[in-house]
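Data first, discussion second: the structure below is written as structure tokens.
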Amino acid sequence: YEYEELIGRLQKTIHDISQHDPDCPLIIIGDFNARIGNLSQVDYYQFMNTYQNHLHSSMDTVEHKNGRILTEMMEEKGLFVVNGKARSDY
């Protein structure tokens, strides 16, 4: 598959799940071959009173096309990357 096609299929699956059960918590896990560097910043208030940081901080600061495609899709769907948000991740 081309990367855009893979992400399109993922978007459709997310859409189908949310249509079937809008209140279903959704966790997507995997290696998406997407270097996102320090992309994927989210609203500070989503992480208030947690051990997580709202900023994505990674020792790998490289980002590439697949990373931008993935983070754009995630932001459109209200999803975010969790790794890179705990102090032990950076």
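Worth saying up front: this structure is predicted, and the values here are computed from it rather than measured. The chain is numbered in sequence order, starting from 1.
Ion pair E4/R9 not flagged as a salt bridge, since none of the NZ, NE, NH1 or NH2 atoms sits closer than 4.0 Å to an Asp/Glu carboxylate oxygen.
Side chain of Y3 to backbone of K65: no donor-acceptor contact under 3.5 angstrom is found.
Note that the CD1 atom of I28 and the CD1 atom of I17 stand 7.5 Å from one another [nearest 0.5 Å]. Note: D16 CG to D21 CG = 13.0 Å, rounded to the nearest 0.5 Å. Rounded to the nearest 0.5 Å, atoms OG1 (T13) and CD (Q11) are 10.0 Å apart.
Between L10 and L6, every side-chain heavy-atom pair lies at or beyond the 4.5 Å cut-off. By the 4.5 Å heavy-atom criterion applied to side chains, I7 and M73 are counted as neighbours. With a 4.5 Å cut-off on side-chain heavy atoms, H64 and R35 count as touching.
Smallest separation of non-hydrogen atoms from N66 and N33: ND2-O, 3.2 Å. Closest heavy-atom contact between I14 and K77: CG2-CD, 4.1 Å.
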